[in-house]
Amino acid sequence: MNLSRLEIGPLWRALLRNKVGASLIAIQVAVTMAIVINSLAIVIQRDAMMQRDSGLDEDNTFYITSTGYANDFNAQVSVTDDLSRLREMPGIVNAIQINAIPISGGGWSMSLAKTPGDDVETTNTAVYMVDENALETLDLSLVAGREFTPQEIRWRQPSQPNWPSLTIITEALAKSMFDSANNALGQTVYIGDEEPMTIIGVVDQLQAPWVGWSNLEHSMLSPENMAFTSTRYLVRTQAGQRDRMMLEVEEMLSSSQSGRIIRDTTTLTETRDRSYQQHEAMITLLLTVISALLLITIAGIVGLASFSVQKRQQHIGTKRALGATQIDILRFFLLENMLISGVGIILGTLCTVGLNIALVQWFHVTPLAWYYIPAGALVLIIAGQVAVLAPAKNAASISPAMATRAI
Amino acid sequence: MLSYYSQLGLRSLRRSPLLSSLMILAIALGISASVSVATVNHLMSSNPIPHKSEQLYYVQLDSWSPFEPAREPNEPPDQITWTDALNLMEASAGLRQSAMASSGAVLEPSDPDQNPFMVSLRLNFSDFFALFDTPFLYGSGWQREDDEQRAYVAVITRAMNDRLFGGENSVGETITLAGKPFRVVGVLDTWQPVPKFYDVTVGAFNTAEDVFIPFYMKQQLELSNGGNTNCWKSPDGEGFEAFLNSECVNYQFWVELPTEGDKAAYINFLNSYVEQQKQLGRFERPLNNRLSNVMQWLENEEVVADDAQIMLYMAFMFLFVCLVNTVGLLLAKFAGKTPEIALRRAVGASRKDIFIQHMIESACIGILGGLLGLLMTLGGLEAIKQLYGDYMQNLVKLDLTMIAFAIILSLLSSLLAGLYPTWRACAVQPASQLKL
């Protein structure tokens with residue numbers, strides 16, 4: 001192709017004559033590129049974070065709080081009673097009493113050690129106090145070992161500091177401490193410095209309550225019911241029955257006993273939305289910024305290109321009169337834009353990397369993967385070409401007769 | 001002259017509506033993005049108690065494990081133990097001080113038609129109210145004797161008073177909390193410090209508690225722990241008392257120290273207190289006590305969310321792009337006016353006149369863009385509120401400072417953007433366009 005003949009030389013000279021207009025576009029492209037790429041990287045990271053699975057049957061799970069206040073309120077009787085009524089209700093797969101709700105933001109954590117003592121290496125984990133119905137209610141499956149039996153469940157009194165002697169842990173926790181689920185089975189871990197707990201089972205996946213925690217996949221089950229006046233029940237319903245069962249359960253618990261309040265009936269879906277709300281919001285805000293920015297930059301390119309076409313009418317007319325085809329004129333403007341964008345992208349790569357370094361340094365954002373830069377550059381080149389197309393077409397349609405006007 | 005040039009400017013804007021609206025829209029978008037995000041940041045980092053923030057100090061004592069710091073690199077825990085809270089209160093070494101904690105309990109309204117409900121509690125000493133200058137609608141805080149005597153007294157918020165007593169003066173009335181009758185001694189007027197500096201452990205922008213009761217009620221009524229409880233070793237023994245007396249931290253402590261001298265004296269007091277506790281076998285770490293005033297404490301706890309700061313940088317870069325855009329468009333616009341400028345120059349306008357005329361035209365764009373931007377900011381803040389829910393509800397109020405900021409920012413931006421194109425316009429020679 002006649003690229004050599006093609007106006008690279010004249011193009012550069014034309015650009016240099018209109019340095020300011022061209023640099024303004026290049027600067028816009030550069031800063032737009034830095035913002036778009038860095039924002040998009042954050043959006044993708046947050047989205048990946050939100051896709052993580054809690055392990056529960058989230059669509060069919062909800063929880064409800066019972067708080068006793070009457071002086072004669074007997075927590076132990078109330079819990080036993082509530083659980084047996086809940087488990088009898090048609091539409092409910094299973095239900096448990098639990099001390100904390102996965103991915104809800106509030107819960108208990110403990111550190112576990114492989115040897116007793118206070119100056120030893122420990123691993124942090126979330127603790128869920130549950131009974132023998134936990135696996136079915138939480139939708140967990142065993143990777144190794146066995147479930148709790150009803151005889152192994154004890155009662156924990158308020159402010160009771162000690163721990164049961166058995167535990168079931170998640171596969172991720174087993175891998176962190178013992179490299180594999182099978183290695184972990186039968187091992188003893190020490191909780192609160194010196195109390196031994198034997199691992200009798202390993203389950204596939206159960207997330208901790210804190211979605212921002214680095215040990216999100218570390219959870220352990222402790223076999224106990226709690227004789228606490230304020231307590232939560234987690235209920236798993238049959239598919240599609242959740243909303244109906246929430247009303248029925250609330251009704252059943254409220255009417256079954258006086259001297260307590262039944263409150264905060266919440267679905268796991270709502271809990272997930274609330275826990276990830278800030279990330280969801282950040283994604284929406286950044287996507288808005290990205291779109292607005294691309295639109296502004298495109299509008300700017302259209303505006304300046306139109307202006308430059310208008311200013312060069314006679315010049316273009318003369319070229320046409322001297323034999324340049326419409327395609328040549330179109331190509332001239334497309335190529336001009338490509339050159340300007342190219343300069344912008346070189347500058348933009350520096351800005352992108354600089355901004356990323358700053359974000360990593362100050363806000364602990366994960367560093368950018370390299371391929372974001374060529375991908376972002378491509379998007380901006382295409383955007384630039386699209387933007388310049390209409391003004392370039394206008395230019396191409398300028399009649400050669402313009403050359404004769406007003407000289 | 002000013003009004004004449006403004007008219008000229010507006011007329012010139014009307015002549016090329018597409019280009020003008022593009023410029024105004026660009027400024028408006030840039031301004032609204034920056035001002036919305038800046039508002040959130042401004043409120044997140046605002047001083048919640050400006051007249052006293054340098055006299056109020058948050059106390060940290062390093063009671064943590066000898067084997068590791070509470071927080072890397074060598075930070076003391078962010079709260080103190082029950083034992084230390086009581087000891088510091090007993091010493092009473094500052095002008096005013098209060099240990100505090102959060103909890104919750106069931107409130108049973110005396111009106112049988114109202115169902116019992118959960119309320120959030122703040123447990124504090126009588127000094128709390130004077131320490132933070134809380135506004136009272138009715139009555140006042142309780143007395144120091146009430147702390148000591150473990151009196152069942154309560155201060156409730158205005159919202160709670162509206163709910164329970166229909167907004168009437170309820171001082172002297174009784175409410176049943178955690179099964180016990182409490183006498184209302186005061187009703188707070190609306191009080192929502194932003195950030196909620198006195199306790200940021202579970203969210204610096206949460207709503208203030210519903211009911212305030214004496215600190216000792218924690219022990220008296222065995223109230224549950226609110227907020228965060230962190231322990232580096234298990235309690236010695238069983239039961240509520242053992243848990244209270246453990247090395248677990250769940251309490252905040254504020255002290256008022258009006259002068260630098262008071263502060264130095266208080267640091268000395270804390271150090272000698274810790275030395276004395278070391279004799280008892282506690283505080284096995286090296287001496288590491290901290291006093292932070294309100295703004296230092298908020299900084300220390302990083303209450304301004306990273307995301308908000310990231311958005312702030314992004315928004316200002318966005319504004320920058322909008323400005324560069326406007327410079328380009330103004331350049332195009334003024335270039336289109338070359339014949340008119342040449343004519344004005346030829347009939348006697350000086351360069352200065354042309355300069356002023358075009359700067360005013362740029363300012364017109366700035367003001368229009370700023371006004372549109374402010375409207376869009378209201379929309380932007382509403383969107384932020386919708387997106388973030390409760391977390392942001394106290395952080396999306398546009399105040400006068402921010403409105404002034406928006407107007408000044410848009411004016412400055414547009415003048416800055418107009419500078420170069422105007423300079424170019426001034427360079428037009430009177431003769432250049434008079435050929436025909």
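Every chain is numbered from 1 and lettered A, B, ... according to where its sequence line falls, protein lines coming before strand lines.
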Is any side-chain heavy atom of [Y] closer than 4.5 Å to one of [X]?
{"X": "A:Leu359", "Y": "B:Met314", "answer": "yes"}
{"X": "B:Asn325", "Y": "A:Thr297", "answer": "no"}
{"X": "B:Phe320", "Y": "A:Ile27", "answer": "yes"}
{"X": "B:Leu387", "Y": "A:Met282", "answer": "no"}
{"X": "B:Arg424", "Y": "A:Val20", "answer": "yes"}

Do A:Gln278 and B:Asp307 have side-chain N/O donor and acceptor atoms under 3.5 Å apart?
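Absent: no donor and acceptor within the cut-off.
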For the candidates [options], which exhibits the highest count of non-hydrogen atom pairs separated by less than 4.5 Å from chain A?
{"options": "B:Met118, B:Glu238, B:Lys333", "value": "B:Met118"}
{"options": "B:Ile310, B:Leu329, B:Leu18", "value": "B:Ile310"}
{"options": "B:Pro116, B:Gly328, B:Pro235", "value": "B:Pro116"}

Once rounded to the nearest 0.5 Å, what's the spacing between atom [atom1] of [X] and atom [atom2] of [Y]?
{"X": "B:Tyr420", "Y": "A:Leu24", "atom1": "OH", "atom2": "CG", "answer": "8.5 Å"}
{"X": "B:Asn225", "Y": "A:Ser159", "atom1": "CG", "atom2": "OG", "answer": "8.5 Å"}
{"X": "B:Cys322", "Y": "A:Gln28", "atom1": "SG", "atom2": "CD", "answer": "8.5 Å"}
{"X": "B:Tyr388", "Y": "A:Thr284", "atom1": "OH", "atom2": "OG1", "answer": "8.5 Å"}
{"X": "B:Glu108", "Y": "A:Tyr69", "atom1": "CD", "atom2": "OH", "answer": "5.0 Å"}

Region of [X] in contact with chain B, defined by heavy-atom distances below 4.5 Å:
{"X": "A:Val365", "answer": "side chain"}
{"X": "A:Ile25", "answer": "neither"}
{"X": "A:Ser39", "answer": "both"}
{"X": "A:Leu295", "answer": "neither"}
{"X": "A:Ile261", "answer": "side chain"}

Please classify the contact between B:Leu29 and chain A as side chain, backbone, both or neither, with a heavy-atom cut-off of under 4.5 Å.
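The side chain, not the backbone.
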Per-residue contact mode, B:Ala26 against chain A (heavy atom under 4.5 angstrom)
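For B:Ala26, the contact with chain A is made by backbone and side chain together.
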Heavy-atom neighbours of [X] [atom1] exceed 12 at 6.0 Å:
{"X": "B:Lys337", "atom1": "NZ", "answer": "yes"}
{"X": "A:Glu194", "atom1": "CD", "answer": "no"}
{"X": "B:Glu302", "atom1": "CD", "answer": "no"}
{"X": "B:Trp423", "atom1": "CH2", "answer": "no"}
{"X": "B:Gln114", "atom1": "CD", "answer": "yes"}

Let me see the working for A:Arg260 and B:Val106 under side chain to side chain contact (heavy atoms under 4.5 Å, CB included), right down to the final yes or no.
CA-CA 9 Å; A:Arg260 68 163 168 189; B:Val106 173; over 6 Å; no
With a 4.5 Å cut-off on heavy-atom pairs, point out which of A:Ala358, A:Gly106, A:Gly303, A:Pro161 contacts chain B the most.
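When all of A:Ala358, A:Gly106, A:Gly303, A:Pro161 are compared, A:Pro161 has the most.
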Winner by heavy-atom pair count (cut-off under 4.5 Å) against chain B, out of A:Asn162, A:Thr32, A:Thr65, A:Leu285:
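Of the candidates given, the most pairs with chain B belong to A:Leu285.
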List the atom of B:Leu22, the atom of A:Ala299, and the distance in Å for their closest heavy-atom pair.
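So the minimum-distance heavy-atom pair works out to CD1-CB, 3.6 Å.
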Closest approach of A:Ala34 to B:Met317 (non-hydrogen atoms, all atoms of both residues)
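For A:Ala34 versus B:Met317, the nearest heavy atoms are CB-CE, 4.4 Å.
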